[in-house]
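See below for the structure under consideration.
Keep in mind that the numbers below use all heavy atoms, side chains included, and drop hydrogens, waters and symmetry copies. Protein chains get the first letters and strands the later ones, always in sequence-line order, with residue 1 at the start of each.
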Amino acid sequence: MTKKSRLCLVDGSSYLYRAFHALPSLTSGDGQPTGAIFGVANMVRRMLEHYEPDYVAVVFDAPGKTFRHETYAEYKATRPPMPDELRSQLEPLHELIDAMGLPRLVIEGVEADDVIATLTRQAREAGRPVLISSGDKDLAQLVADGVVLEDTMQDKQYDPGLVEEKFGVGPELVADLLALTGDSSDNIPGVEKVGPKTAAKWLKQYGNLDGVIEHADEIGGKVGDNLRGGLEQLKLSRELVELEDSVELEGGLEALKRGEPDRERMIALLKRFGFSTWLKQYTDDAGDSAASGDELVVETVTTKRQLDALVEALQSADLIAFDTETTSLEPLDADLVGFSFAVEAGKAWYVPLAHADQDNEFSADEAIEALRGIIEDDDRPKVGQHLKYDLNVLERAGIALGGIEHDTMLESYTYHSSGTRHDMDSLATRYLGRQTTSYETVAGKGKKQVTFDQVPVATAAEYAGEDAEVTLALHQHLWPKLEKLEGPSRVYRELEIPLIPVLARMERTGVALDVDVLAAQSAEIEKRLDELVEAAHAAAGQAFNLGSPKQLQEILFEQLGLPVKRKTPKGQPSTAEDVLQELAVEGHELPNLILEHRGLAKLKNTYTDRLPERIHPRTGRVHTHYHQAVAATGRLSSTDPNLQNIPIRTPEGRRIRKAFVAPPGTVLLAADYSQIELRIMAHLSGDERLLAAFAEGEDIHQATAAEVFGLEIDAVDDNQRRAAKAINFGLMYGMSAWGLSRQLELPRNEAQEYIDRYFDRYTGVRDFMQETRERARKQGYVETLFGRRLWADEIRSRNNQRRQAAERAAINAPMQGTAADIIKRAMIDVDAWIQSGDVPAKLVMQVHDELILEVDEGALESVREGVVDRMQHAAELKVELLVEANSGPDWETAH
DNA sequence: CCAGATGA
DNA sequence: TCATCTGG
């Protein structure tokens with residue numbers, strides 16, 4: 001008997017939704033939305049290429065109710081109706097699938113899942129292997145020997161073993177598990193507080209759902225009560241998640257034989273949708289259907305001849321896409337394992353350098369020397385994805401990456417900073433509709449993960465080659481779009497790209513930390529925490545975990561009966577700081593103890609105990625990572641550790657800055673922009689009063705108080721100044737009366753009065769804000785002074801809260817974003833100055849409006865002047881940019 | 001308002 | 001995942 005060919009079942013409906021949400025909203029020339037059609041069709045094409053099945057079915061949900069709605073009226077009740085933009089793509093997609101020669105099934109009264117279940121059962125009975133392609137995890141219950149579930153968008157194939165790994169139970173128990181946990185997208189309730197972990201544990205213990213129900217009495221705790229209370233619903237949920245595998249279908253499996261594409265219809269449809277690349281394939285290579293096209297050939301370079309040929313090819317390229325493979329995501333620990341290159345679509349090279357199984361004619365050093373001239377050449381433009389990483393890795397390997405011309409991560413970020421992450425996988429999906437091989441599929445994951453040098457060369461080459469080739473494709477897609485936008489492309493060329501080496505250097509440099517200072521503080525805090533716990537337990541009359549907001553709620557509001565001041569978004573009584581403060585003022589003892597405990601525990605857990613763990617064993621310093629494509633406003637962010645939220649506002653907190661030190665012979669210089677965002681607001685709004693106040697060098701909060709309260713400037717008291725400061729602060733966050741009233745502990749109407757008076761006095765600011773709001777609504781984005789575009793994604797949301805949040809963000813964005821642009825310019829300039837000559841200083845940190853440098857003692861004055869001057873002249877505004885710079889042996893003193 | 005880290 | 005707290 002010959003081996004029977006595989007039946008491929010595609011869950012069209014699940015991919016339709018996912019493609020619709022994951023892909024940009026494409027439209028064809030005549031305005032027909034085509035994004036979801038494109039996504040699903042591409043997915044199907046990839047499946048066809050990969051499996052070349054003779055039997056296929058693309059299955060869709062039928063419109064209208066199903067038998068599940070009769071069982072359970074609430075079924076899918078929380079799901080919003082299908083958006084028009086998606087609905088209008090359904091019929092054209094069906095046409096396209098028909099034209100591709102693929103059997104399509106839409107069966108009234110049942111869902112796509114049930115049709116797939118039925119076909120799977122029939123195929124198994126006929127001894128035919130099955131591949132189910134779906135983004136819907138419910139279908140995992142169908143997996144068995146000979147039945148694989150593939151999630152194309154995640155590039156995962158679930159066999160029984162992987163299902164067990166993912167769900168904690170085998171396929172036969174997946175329906176039981178889903179009944180217990182519920183499925184929010186179908187509005188099927190589960191047992192409250194039971195997640196996948198608990199459900200899997202129970203099912204293992206009692207065999208199956210019936211076992212769990214039988215033994216419900218034995219399960220203790222709150223979840224046990226929840227389980228017993230929900231038994232009826234549980235049985236119903238079980239019925240709903242079970243797939244129906246006896247749907248009546250005409251024609252049997254033979255009806256699913258794949259047909260030939262209808263060329264005429266295909267060409268007509270592809271033209272209509274404007275899918276030009278696909279159309280071109282169709283008209284170019286008439287005979288060979290959709291198969292060819294995005295195939296990638298990766299050449300593994302192992303002989304000297306190949307290496308020479310590669311060098312030659314790179315020498316004649318206008319632009320080289322480049323990627324490094326390494327042993328670690330942490331550049332400071334990463335050893336080179338290989339290089340990949342691409343200079344045209346469909347072709348890539350991989351040069352293995354340190355694979356366990358490699359067998360090259362040349363040594364790694366010989367390969368590096370052969371390529372060094374090209375990699376280091378400033379006149380050979382390169383494009384990469386997140387080149388800061390490669391730059392640091394190469395630096396460690398003694399190679400100085402030159403010619404950093406383009407970075408696809410930054411192209412995407414400056415083109416549209418929000419709405420998507422900017423890692424390669426996200427970009428390939430979003431902009432190319434391509435699903436790239438994940439790192440996990442080549443290197444394994446969890447315990448089984450190996451470092452890249454252990455990955456066989458053959459596997460590594462496919463993966464690495466794809467990275468370089470996709471990077472090139474992304475650049476070819478993104479750059480023409482970005483280049484057309486004058487402002488964003490300027491920000492990209494003049495700020496983001498030049499900043500790459502500056503940040504790379506700062507990360508490599510790191511900052512010195514005095515562990516003894518932190519250890520001493522940790523010990524002090526620990527002692528005080530013990531006292532506080534004891535006192536709190538005494539005050540509560542029982543022991544409890546002070547760090548648990550849940551237990552705290554119980555103690556405060558139920559045991560002690562204190563008044564509930566506010567609720568969290570989820571309806572729990574809030575125990576947030578301001579709430580506790582209010583309770584403390586009312587004379588309760590416990591809230592104060594809690595407040596102090598929380599503050600100190602945070603300090604210890606986040607800073608004094610953790611920072612020393614971050615010291616790198618080789619350098620003895622702390623190396624943060626600056627992220628250049630995360631914050632929507634253009635700011636940097638910092639992680640591992642975050643050095644941009646080191647405490648300063650309280651004395652105990654500020655002490656932590658004592659631990660950030662300069663090594664002997666050097667001092668720390670901390671230079672920060674004073675009131676930079678308000679100054680930018682003065683510039684952008686052109687408000688006369690605000691400009692005048694800055695020009696006169698007045699204390700800006702005092703000046704604001706004088707205006708708002710109608711006083712002479714010298715008559716302003718501390719309280720009035722504090723209120724004015726809160727107003728100024730609030731302004732930059734798009735202030736609402738609600739926010740200000742909370743901040744100042746004032747009634748709403750009084751806060752509103754302050755705001756009104758402010759806008760009466762500062763009419764330029766008022767008009768500017770109104771214009772900004774309108775501009776955001778009209779064009780969907782606002783701009784910084786340097787032309788960076790900041791998109792207000794939800795500005796037209798019908799949800800009031802979301803829309804208003806987007807409006808506030810849009811008002812804040814030009815100021816925060818311009819400040820970010822300015823300090824980036826300053827960093828580039830200061831770094832260039834330091835690198836150009838004998839300036840004995842290093843940039844070590846950036847905290848949004850502050851630069852911290854490590855400076856040789858002897859050169860302090862000249863460096864201070866040089867830094868301040870460059871920061872002040874990073875932009876020419878209608879007001880002067882004021883920079884304050886101080887120095888000292890540690891960050892606290894320097895501030 | 002924008003971020004990141006922590007603990008339950 | 002949520003609440004809380006740190007910074008700007």
Side-chain angles (χ1 to χ4, degrees), chain A residues 184 193 195-197 417-418 544-554 566-581 594-611 613-614 624-650 652-654 656-657 672-678 729-736 738-740 743 769 772 776 782 790 792 794 801-802 804-817 819-820 823 845-851 891 895:
Chain A
S184 57
K193 295 284 166 198
K197 285 269 159 62
S417 66
S418 50
F544 67 101
N545 182 350
L546 276 75
S548 163
K550 247 170 82 187
Q551 290 186 30
L552 198 56
Q553 275 161 29
E554 173 114 1
R566 191 154 51 83
K567 296 204 167 174
T568 65
K570 267 187 81 188
Q572 302 288 310
S574 170
T575 64
E577 173 167 337
D578 53 344
V579 172
L580 294 184
Q581 246 152 22
I594 301 291
L595 280 171
E596 192 184 348
H597 182 273
R598 250 192 209 162
L600 290 176
K602 181 84 183 174
L603 234 46
K604 185 166 185 287
N605 293 332
T606 316
Y607 304 107
T608 60
D609 283 355
R610 293 310 164 84
L611 284 172
E613 297 169 1
R614 292 296 183 161
T624 186
H625 297 81
Y626 289 105
H627 300 275
Q628 211 178 339
V630 172
T633 52
R635 276 189 176 179
L636 299 175
S637 83
S638 155
T639 65
D640 306 298
N642 182 352
L643 295 186
Q644 292 180 323
N645 69 347
I646 303 298
I648 190 168
R649 294 175 195 181
T650 66
E652 310 92 78
R654 194 175 308 136
I656 292 169
R657 296 184 171 222
D672 69 286
Y673 284 108
S674 168
Q675 311 291 358
I676 188 168
E677 291 188 11
L678 278 177
F729 222 80
L731 272 173
M732 290 175 303
Y733 300 148
M735 187 159 57
S736 63
W738 182 79
L740 186 66
Q743 182 71 34
M769 291 194 163
T772 304
V782 293
L790 308 167
E794 290 194 323
Q801 229 180 343
R802 284 175 169 225
Q804 282 165 7
E807 282 178 7
R808 287 195 290 272
I811 287 172
N812 167 251
M815 293 178 278
Q816 196 179 100
I823 198 161
M845 288 190 276
Q846 189 255 38
V847 191
H848 307 308
D849 61 358
E850 175 183 14
L851 293 179
W891 193 9
H895 219 282

For A792(A), all residues meeting side-chain contact (heavy atoms from CB on, under 4.5 Å), sequence neighbours excluded: A776(A), I795(A), A810(A)
Partner set under side-chain hydrogen bond (donor to acceptor under 3.5 Å, both in side chains) for T575(A), not counting sequence neighbours: R598(A)
Touch class at under 4.0 angstrom, heavy-atom based, for R610(A) against every strand present: sugar-phosphate
Verdict with supporting geometry, H895(A) and E850(A), side chain to side chain donor-acceptor pair (under 3.5 Å): CA-CA 10 Å; H895(A) 219 282; E850(A) 175 183 14; 3.0 Å; yes
Under the side-chain hydrogen bond (donor to acceptor under 3.5 Å, both in side chains) test, residues paired with D672(A) that sit two or more places apart: none
R649(A) vs dG7(C): side-chain N/O to OP1/OP2 distance below 4.0 Å: yes
Integer-rounded Å distance: dC5(C) C1' and H597(A) NE2: 14 Å
For chain A, the stretch of DNA chain B it reaches, first to last nucleotide, under 4.0 Å of its heavy atoms: dC1(B) to dA8(B)
Shortest side-chain distance from Q816(A), nucleotide among dC5(C), dG8(C), dG7(C): dG8(C)
Under the side-chain hydrogen bond (donor to acceptor under 3.5 Å, both in side chains) test, residues paired with T624(A) that sit two or more places apart: S638(A)
Comparing N545(A) and M732(A) on DNA chain B - which has the more 5′ nearest nucleotide: M732(A)
Set of residues satisfying side-chain hydrogen bond (donor to acceptor under 3.5 Å, both in side chains) with respect to R802(A), sequence neighbours excluded: E794(A)
